[in-house]
Amino acid sequence: MSSPSLSFPVQGMTCASCAARLEKVLGRVPGIAAASVNLASNRASVTLAEAGPAGLAEVGAAAAAAVEKAGFTPGVATLDLAITGMTCASCAGRVEKALRRVPGVLEAQVNLATERARVRQLGGDADRLIQAVARAGYGAAPVMDGPAPAGPPDRGWASVALAALLTLPLVLPMLLQPLGVPLHLPGWLQLALALPVQVGLGARFYRAGWKALRAGSGTMDLLVALGTSAAFCLSVWMLLTADAGHPPHLYFEASSTVITLVLLGKELEGRAKRQTAAAIRALSALRPERARLLRDGVEQEVPVAAVRVGDLVIVRPGERIPVDGTVREGQSHVDLSMLTGESLPVAREAGGSVPGGAVNGEGRLLLETTAVGAETVLARIIRLVEDAQAAKAPIQKLVDRVSAVFVPVVLGIALLTLAGWLLAGAGLERAVVNAVSVLVIACPCALGLATPTAIMAGTGVAARAGILIKDAEALERAQSVDTVVFDKTGTLTEGAPTLLAAEPVAGLAQADLLRLAAALQRGSEHPLARAVLAAAAATEGMAVPAATDVRALPGRGIAGQADGRRLQLGSARLMQELGLSLAPVADPAARYGADGRTLSYLADTGTGALLGLLAFGDALKPGAAAAVARLKRAGVRTVLLTGDSAGSARAAAGALALDTVLAEVLPADKAAAVATLRAGGHRVAMVGDGINDAPALAAADVGMAMGNGTDVAMQAAGITLMRGDPALVADALDVSRRTWAKIRQNLFWAFVYNALGIPLAALGLLNPVLAGAAMAFSSVSVVANALLLRRWRPASRS
């Protein structure tokens, strides 16, 4: 047998010496027998030494680390596989274990609820992964991009109906007996009814159980196959060995009923699981398949895939918008409810942006395409929701450890039950029946479904409300948040400040102060810069000079040269660093500061003279006060963290009744302020929208980025709020807490069910029919409990 090999791309190699150095580095990794690097193809190939499965996985991770340490970037791909044939948590664990044994796999997660696997692998070889899953006894195929499927059809209901028809005559005598109606079916007729159920409709359990045995593991199917076979074979043996004139006590109704109930439970469970994935299908259904292009003045209908950035697209009234775009002509109202949770249509006119998937209202729009395919807002939303539903919550690690040993432990308990009753002198019949009850009542499915179904339902309903949760870890952390830190500008305020006043020092005209400030701010996207430029543009006859050597002073302001002067514009802290006195504008500064205005100062650093003061106002968002009040009612502490002046921050905090104010904090210090709060024992959520908020968002237990903010902020955050509405913060915490409550409930009942049911069965207090019904009910109840989350509605909409 040849040694396993691994080939993967490497980025960053520029010469032959790079390739030689990397080859030498890889050759020194324990577990790698030989290594070669091809500079032309930018690929590394290694032959692995003979090692156990765990060793192969470790070698792959070590190889990736070695490549990075050498200064290069290994090619790591994330692959999604659709897995078929899984029936319980043990199956998911076995598939995960098989994937992790593939050389080059760095991480593998299998989700029983979505029936998908997500694998991070050196090189991205899907064929090896598919072969590994097949050897474990299951099927795998790459997940293709495109609309999410609606799930498998309900073909299993025919099997359930047939099983029920064959089982009913077997159960009927037991049901009529308490009513005093004697009904006894001949033993051979019972065998004729039970046989097709056992070996025909129950064949799926034998096939899956045999695959599990061949792979050296156990699953729910193995438990069902063993349990029902024991009851069936015991009945056949008793029928064949019965004395004439003494009808034996047969258990054909038990084996057939268990199979029927398990089949019914699996169909109900599958239907419920498909409902938990409804959010993805609903979002995918928003993608129109065709678009109407305007080319050379002629309208033509084409597939959406044929649209390119820059193309002009016509959207008629009532149509769904096919691409992300900017309105070039027309005005209308656009329904964004499915994308952002916006309850009312929003107005859009020339210059406004619209996302694909939204519904156009009453007007005809001409759009210039800005994003297509995977780069659209809708595609990114779907990707985020899929990622959240595919990821495992940290608590799932405990469940996985329990599931890995569940079936072997149950088999051991069943054998002990059989031996114990035999030693107690109960006889073979009683001992086998009790052992069968143990095998049948044990259900690893409930454990495997408890967490992922709740996460799928919770993240799905949150997405419909405009709350995108990046992963299960963010969900887990958000449910325990006790402190929310808000940025001010663009988060609690509209983020569109206006210039309220320009106060020059004596000897300088107000127009000159505004003109010089506008020169420095030209080209800047900062909200205060836009306010200055808007005021300059509104001043008749003002000519703004060109500025040179313009550079940003992070957290303090901006510097440059204009009109023959060396200028700096920024905060009071900047002026203090320059050693300038603010006394010439002390009176207006005090007046505007008391009103909560944001103040900027302009100075000529060439002469060391203060030129004047600019005062800005930014209105609070309409729902900000109500949002803060909701958080405080929920027992959450609220903090304002801003780089604005203390006066402006105190005014905003007073209007919103925030608990704590941290003002004049530099962007680099915001993360440290969040870390200090966490060090004090608080579970902190940071809410922001700008690039300068990204470090603080990453430093918090959970970051929440406003969807109207920057991409950098959204990348750093664990939760994205698609509307710039502070009320979504409380909604996000609420849905996280409700989802986590469902997870705790599901895990509690799954553990309690098995902890109580298995001992009761072992003690002979449950017959196989009741045990089978309980087992089927346990999985269905867990999924149904998770589905209750779909009734959640954000309080901000009411």
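Being a predicted model, the structure only gives us computed values, none of them experimental. The first residue in the sequence is number 1, and the count goes up from there.
Look at R118 and D80 and you find a salt bridge, because one of the NZ, NE, NH1 or NH2 atoms lies within 4.0 Å of a carboxylate O, short of that distance.
A donor-acceptor contact shorter than 3.5 Å is absent between the side chain of S736 and the backbone of A478. For the pair R94 (side chain) and A136 (backbone), a donor-acceptor distance under 3.5 Å is present. A donor-acceptor pair under 3.5 Å is formed between the side chain of Q190 and the backbone N or O of L185. Of the possible donor and acceptor atoms, one in the side chain of S255 sits under 3.5 Å from a partner among the backbone N and O of F252. Counting only distance, with no hydrogens or angles, the side chain of W421 and the backbone of A762 share a donor-acceptor pair below 3.5 Å. In this structure a side-chain-to-backbone donor-acceptor pair under 3.5 Å is present from R100 to A108.
Under the 4.5 Å side-chain criterion, counting only non-hydrogen atoms from C-beta, I130 is not in contact with V133. Side-chain contact between P196 and L166 is present, with heavy atoms from C-beta onward closer than 4.5 Å. A 4.5 Å side-chain heavy-atom check between N754 and I441 finds every atom pair outside the cut-off. In this structure, V224 and Y206 have side chains that are not in contact, with every pair of non-hydrogen atoms separated by 4.5 Å or more. Inter-residue side-chain proximity for L789 and R738 is flagged as met; some heavy-atom pair is nearer than 4.5 Å. Two residues are said to be in side-chain contact when any heavy atoms from C-beta on lie closer than 4.5 Å; V433 and P768 meet this criterion. Here the side chains of L411 and L226 are in contact, with some heavy-atom distance below 4.5 Å. The closest side-chain heavy-atom distance from L162 to S159 is not below 4.5 Å.
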- Checking side-chain contact (heavy atoms from CB on, under 4.5 Å) for the pair W740/V735: CA distance, chi angles, key distance, verdict? CA-CA 8 Å; W740 214 250; V735 74; over 6 Å; no
- Message: Working note: L239 + W237, criterion side-chain contact (heavy atoms from CB on, under 4.5 Å); need CA distance, chi angles, decisive distance, verdict.
- Response: CA-CA 5 Å; L239 180 62; W237 179 77; over 6 Å; no
- Let me see the working for Q479 and R744 under side-chain contact (heavy atoms from CB on, under 4.5 Å), right down to the final yes or no. CA-CA 12 Å; Q479 59 89 25; R744 285 196 296 265; 3.6 Å; yes
- Task: Please assess N746 against T451 for the test side-chain contact (heavy atoms from CB on, under 4.5 Å), listing each intermediate value before the final yes or no.
- Result: CA-CA 7 Å; N746 283 351; T451 300; over 6 Å; no
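Across R128 and P103, no two heavy atoms sit closer than the pair NH1-CB, 3.9 Å. The two residues T739 and G458 make their nearest non-hydrogen contact at OG1-CA, 3.4 Å. Nearest heavy atoms, I83 versus Y138: CG2-CB, 4.4 Å. The shortest heavy-atom contact between W792 and A462 is CZ3-CA, 4.4 Å. The two residues L81 and V143 have their closest heavy-atom pair at C-CG2, 3.7 Å. For I259 against V197, the heavy-atom pair with the smallest separation is CD1-O, 3.8 Å.
At a cut-off of 3.5 Å, with distance as the only test, a side-chain donor of T167 or T260 sits close to an acceptor on the other residue. No side-chain donor from either of W749 and N785 sits under 3.5 Å from a side-chain acceptor of the other. No side-chain donor-acceptor contact under 3.5 Å links Y753 and S781. With hydrogens and angles left out, the side-chain atoms of T228 and Q198 include a donor and acceptor closer than 3.5 Å.
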Contacts table for residues 422-429: side-chain donor-acceptor under 3.5 angstrom, sequence neighbours left out:
unit_1, atom_1, unit_2, atom_2, d
E429, OE2, Y251, OH, 2.5

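The CG atom of L747 sits 13.0 Å away from the NZ atom of K742 when rounded to the nearest 0.5 Å. The distance from the CE atom of M238 to the CG atom of L234 is 5.5 Å, given to the nearest 0.5 Å. For the atom pair CD1 (I758) and CG (L763), the distance works out to 12.0 Å, reported to the nearest 0.5 Å. The distance from the CD atom of Q121 to the CG atom of L106 is 8.0 Å, given to the nearest 0.5 Å. Interatomic distance, CG of L99 versus CD of Q109, reported as 11.5 Å (0.5 Å rounding). Note: N434 CG to L765 CG = 8.5 Å, rounded to the nearest 0.5 Å.
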